[in-house]
Number of protein chains: 2
Amino acid sequence: MNYYSIGEAAAQLNVPESTLRFYEKKGLVTLIERDEAGRRLYSEHQMALLRTVMCLKNTNMPISDIQQYINWIVEGDSTIEKRLDMMLKHKQAVLDEIALMHHSLDGIEEKITRYTNKIQEALT
Amino acid sequence: MNYYSIGEAAAQLNVPESTLRFYEKKGLVTLIERDEAGRRLYSEHQMALLRTVMCLKNTNMPISDIQQYINWIVEGDSTIEKRLDMMLKHKQAVLDEIALMHHSLDGIEEKITRYTNKIQEALT
DNA sequence: GCTTGACTTAAACTAAGGTTTAAGTCGTAT
DNA sequence: ATACGACTTAAACCTTAGTTTAAGTCAAGC
């Protein structure tokens with residue numbers, strides 16, 4: 001299998017290395033292998049997990065909730081319903097947030113139109 | 001003209017009163033009139049400004065940037081180009097953020113599908 | 001006359017999500 | 001051999017965006 005150093009993993013996930021160490025300490029990602037020298041080796045499997053973590057983080061899930069979700073994954077299939085429930089709720093929260101942003105964007109676009117017109121008028 | 005007490009304004013904007021006082025201290029909203037007893041009176045004009053502030057806040061603009069924007073409004077028409085520039089950049093930032101959220105949502109929906117299938121299978 | 005809702009300042013406090021620092025130790029590549 | 005990238009712990013520090021507290025004052029309504 002392919003392994004990534006912390007530097008490679010960080011670059012791929014577009015976060016600082018310090019964040020990966022921080023997430024590890026927080027239990028957002030577990031069981032990272034090490035080479036003989038004690039350096040972290042991120043497997044494809046870990047990278048997939050981290051990509052999931054990033055999906056949740058990018059949609060503003062609090063770290064503590066991501067932690068809970070990861071714990072459920074580690075616990076195994078008995079927690080699938082809980083995970084499904086969490087993801088459904090989170091999806092709705094994200095949709096709500098996107099809707100709010102879209103709505104707010106309307107207000108911003110109105111400003112853009114108004115300013116653009118004003119500048120046009122000033123040039124005539 | 002119609003005036004609103006801080007309680008009414010807060011309810012209408014869906015924020016705590018403490019936040020309105022905080023924004024005022026920060027200079028996000030200025031020149032709020034007072035009644036004889038010193039209580040804040042929010043005019044329609046102030047409410048409109050505050051709705052703009054909320055649009056920016058709801059799209060995650062930092063308070064310091066909102067402050068700058070409001071300062072420019074107060075300065076008058078000479079700052080219209082700066083405001084237009086700021087709004088155009090902010091619009092792009094918001095669109096980028098929404099795009100990232102949408103993309104991340106795909107990952108979340110994949111989980112939902114997988115968990116749903118697993119639960120279905122388990123029932124057969 | 002008392003409760004309610006508003007007001008004041010300044011500072012402390014909170015929560016989230018990291019970042020930085022100190023003071024080192026290792027192993028690998030040039 | 002020396003620089004590079006990684007490693008350690010623990011605590012201190014940072015920013016953002018408020019919230020809370022203290023210790024009052026003030027005016028209006030019941």
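Note that these values count all heavy atoms, side chains included, but never hydrogens, waters or copies made by symmetry. A, B, ... follow the sequence lines: proteins, then strands. Residue 1 opens every chain.
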Open item on the list: Which nucleotide wins on minimum distance to the side chain of B:Pro62, given the candidates D:dA17, D:dA28, D:dT19?
Closed with: D:dA17

- [ ] Measure from the side chain of B:Ser18, starting at C-beta and using heavy atoms only, and say which of C:dT19, D:dT20, D:dC7 lies closest.
- [x] D:dT20

Open item on the list: Keeping B:Glu8 on the side-chain end and B:Ser5 on the backbone end, is there a donor-acceptor pair under 3.5 Å?
Closed with: yes

Task: Between D:dA17 (P) and B:Leu56 (CG): distance, integer Å - done: 12 Å

Open item on the list: Expressed as a whole number of angstroms, how long is the span from B:Leu41:CG to C:dC7:P?
Closed with: 9 Å

Task: Exceeds 12 heavy-atom contacts within 6.0 angstrom, atom CG of B:Asn14 - done: no

- [ ] Using the closest heavy atom to pick a nucleotide of DNA chain D for each, name whichever of B:Glu36 or B:Ser64 lands nearer the 5' end.
- [x] B:Ser64

Task: Options C:dG18, D:dA17, C:dC7, nucleotide nearest the side-chain atoms of A:Ile63 - done: C:dG18

TODO: Grab the CZ-P distance between A:Arg40 and C:dC26 for me, whole Å please.
DONE: 17 Å

Open item on the list: Test side chain to side chain donor-acceptor pair (under 3.5 Å) on B:Tyr42 and B:Gln12; report intermediate values, then the result.
Closed with: CA-CA 11 Å; B:Tyr42 293 85; B:Gln12 208 177 108; over 6 Å; no

TODO: Would you mind reading off the distance between A:Leu28 atom CG and C:dA16 atom P, rounded to a whole angstrom?
DONE: 13 Å

Open item on the list: Among C:dG27, C:dT19, C:dA6, which nucleotide has an atom closest to any side-chain atom of A:Phe22?
Closed with: C:dT19

- [ ] Output yes when at least one side-chain N/O atom of B:Arg21 is less than 4.0 Å from OP1 or OP2 of D:dT20, else no.
- [x] no

